[in-house]
Amino acid sequence: MSVIKGIKGVKDLLPEETPRWRLIEEAARRWAGRYGFHEIRIPIFEVTTLFARSIGASTDIVEKEMYTFQDRDGTSLTLRPEGTAGTVRAYIEHNRTAIPVPQKYFYFGPMFRHERPQAGRLRQFHQFGVESLGMADAQADVEVMALLWRILSDLDLPGLTLEINNLGYTADRDTYRPQLVSYLKQYESGLCANCRHRIEFNPLRVLDCKVPECRAITERAPRLSDSLSEAARSYFTRVLSGLDVVKIPYSLNHRLVRGLDYYNLTTFEVTATNLGAQNAVGAGGRYDGLVETLGGPSTPAVGFALGLERMSLLLPESAVRKAPEYVTIYVAGFGGHGAVVGFTALEELRLGGFQAVSDFRSVTLKAHLRQADRLKCRFTLIIGDEEVAKGSAVLRDMETKAQYDVSLSTVNLQIHSLLPGS
RNA sequence: GUGGGUGUAGCUCAGCUGGUUAGAGCGCCGGAUUGUGGAUCCGGAGGUCGCGGGUUCGAAACCCGUCAUCCACCCCA
């Protein structure tokens, strides 16, 4: 019989790893709550056009990375490659605009992108994301970046820097783009094949190409910051001074251009020095046009997403708290009667609120105690045929090796009184 | 989609320029201790040597293909 294996780039999280994930999720949840964000749970798949329209039809994500399939009636559906589109869709669909206060959402969940797996890159990966809808104010940008930074600082992830850039308004980019294009065309032959292609479709992306030759050329290219309108400049100034006020460290990166089309004004990215090639831990920005693009009322918005796998990669082992020390009771029931009585005692303990376990394979006391030791149980309740005959059991403290006789009829009560701290 | 590395026991790996019954450590089960754990000693179970073809008297080893996986490009969180 052939063994069925998991899908390429799709990972199982085994019990050894889930504690560190919980740590990360709890930190994100805790800080999101403090900043007034509320959880939203949106579907894992949507109509394909939602992503094509929001992310941008000519982006790599939409062009070649989506898991798209046909529903039985022929409509094209796709597994969400990110969370903003679905959140905004839900926001519009449920008329959340009608709710007066600014809407601030957060979400957790798997995202899907058909890419070649690599360190820190999977086909099913997980994001924590935040969307702040309704506020066209620099303080909303700062708030979101502060939240991002607070979560990462809380987890003590090493080697992080927050990079930030100003993409300006659409009109600003429209005046800048021709300048950049004409400059790039002068040096077209020196650019990599990819960037030569980008001159036509997405010239701004040439700015964050990593090929050294391209970088040398773009180093002296006209800068977007020089084409920005006064409004965009002063907005960005307010963002930066806001970051100073709340003491969030950042570094300006004029090359920072996001891979999704819907961003404007503030864009930011947190990169790690210790992550290999996939060094972006989280990223986001302002996307004032998106709600309208998706058919809603004009609504300013900012958000970000964090990659949970990458955070997990960075989280030092020492940060993962040991699982809380439960008082675990191992029940060693053995012998013809002991096994039966032990099984009922095991259930009684659980009903009484204890964490209790046993190993039903073990037929000797020795084997039972070895299991109790391996499972790091604090106590073992020994019930053999002798104990059954006497109507009692032996409670062994695995650390001190002290043993107590307890009556089978009142095991729970007696254990309670014997436990440390009672 | 394109490169490169790696696939031998549950895990980590050894196996010299091809040589016959494929090994170690850890883990697992049992015994020494016929009802008392962790240490020690002894024993045991567990392997299509990723898969398919080829070369050879002989292949885990060499060749070809294929699959998986990791890393990088690319892209991004």
Side-chain angles (χ1 to χ4, degrees), chain A residues 1-3 5-9 11 14 16 55 59-66 80-84 108-130 148 152 192-195 197-198 202 205 208-211 256-260 268-272 275-285 303-314 330 332-335 338 359 361-388 393-399 401-403:
Chain A
M1 194 61 104
S2 66
V3 178
K5 301 183 70 181
I7 298 166
K8 183 201 283 282
K11 270 201 179 173
L14 301 175
E16 289 76 17
I55 299 169
T59 57
D60 280 23
I61 294 177
V62 173
E63 268 186 346
K64 46 193 178 190
E65 293 174 0
M66 296 205 303
R80 63 181 186 195
E82 53 98 53
T84 300
F108 281 100
M111 306 295 165
F112 306 85
R113 258 121 100 159
H114 187 104
E115 298 185 274
R116 196 69 174 268
Q118 187 182 331
R121 190 171 78 185
L122 295 172
R123 289 185 174 180
Q124 175 176 337
F125 61 103
H126 297 78
Q127 288 188 338
F128 165 77
V130 138
L148 169 63
L152 299 173
C192 70
N194 225 319
C195 286
H197 179 76
R198 280 173 180 147
N202 206 340
R205 297 298 305 283
D208 69 352
C209 182
K210 287 179 212 150
V211 177
L256 187 64
V257 176
R258 314 271 45 253
L260 293 77
F268 53 91
E269 182 168 310
V270 174
T271 56
L275 263 186
Q278 307 301 313
N279 65 349
V281 178
F304 70 75
L306 279 164
L308 300 188
E309 278 81 3
R310 292 177 187 181
M311 291 172 77
S312 171
L313 246 30
L314 288 171
Y330 185 93
F334 58 104
D359 178 351
R361 299 170 309 169
S362 302
V363 291
T364 62
L365 179 56
K366 183 192 188 69
H368 269 129
L369 285 169
R370 189 165 46 234
Q371 283 302 324
D373 186 56
R374 187 164 17 217
L375 295 168
K376 298 186 167 50
C377 296
R378 181 65 209 283
F379 293 94
T380 298
L381 187 66
I382 300 171
I383 306 177
D385 289 347
E386 283 177 26
E387 284 74 19
V388 175
V394 174
L395 183 71
R396 177 179 175 84
D397 183 323
M398 298 300 280
E399 281 173 26
K401 300 185 181 185
Q403 300 200 158

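Letters A, B, ... mirror the listed sequences (proteins, then strands); counts begin at 1.
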Checking all strands, does [X] fall into the base, sugar-phosphate, or nothing category for heavy-atom contacts under 4.0 angstrom?
| X | answer |
| --- | --- |
| A:Glu65 | sugar-phosphate |
| A:Glu269 | nothing |
| A:Leu375 | nothing |

Checklist entry - The side chain of A:Pro117 lies closest to which of these nucleotides: B:C28, B:C70, B:U69? => result B:C70

Next on the checklist: Using the side-chain heavy atoms of A:Ala119, tell me which of these nucleotides is nearest: B:G37, B:A77, B:A72.
Outcome noted: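 The nucleotide sitting nearest to the side chain is B:A72.
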
Item to check | Contact nearer the 5' end of RNA chain B, comparing A:Gln403 with A:Ala367 | outcome: A:Ala367

Quick check on [N]: is either OP1 or OP2 less than 4.0 Å from any side-chain nitrogen or oxygen of [X]?
| X | N | result |
| --- | --- | --- |
| A:Gln124 | B:A77 | no |
| A:Gln118 | B:C71 | no |
| A:Lys401 | B:U36 | no |

No-H, no-angle donor-acceptor pair, [X] side chain to [N] base, under 3.5 Å:
| X | N | result |
| --- | --- | --- |
| A:Arg121 | B:C74 | yes |
| A:Lys366 | B:G30 | no |
| A:Glu399 | B:G37 | no |
| A:Arg116 | B:G1 | no |

Checklist outcome for this item: If one requires at least 3 consecutive Watson-Crick or G-U pairs with distances under 3.5 Å, the stems of RNA chain B turn out to be B:1-7 with B:67-73, B:10-13 with B:23-26, B:28-32 with B:40-44, B:50-54 with B:62-66

Item to check | A:Phe334 over B:G35, stacked by centroid distance under 5.5 Å, angle under 30° | outcome: no

Checklist entry - Considering residues at least two apart in sequence or located in another chain, which fulfil the side-chain hydrogen bond (donor to acceptor under 3.5 Å, both in side chains) criterion with A:Glu387? => result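 Checked A:Glu387 against side-chain hydrogen bond (donor to acceptor under 3.5 Å, both in side chains); zero matches.
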
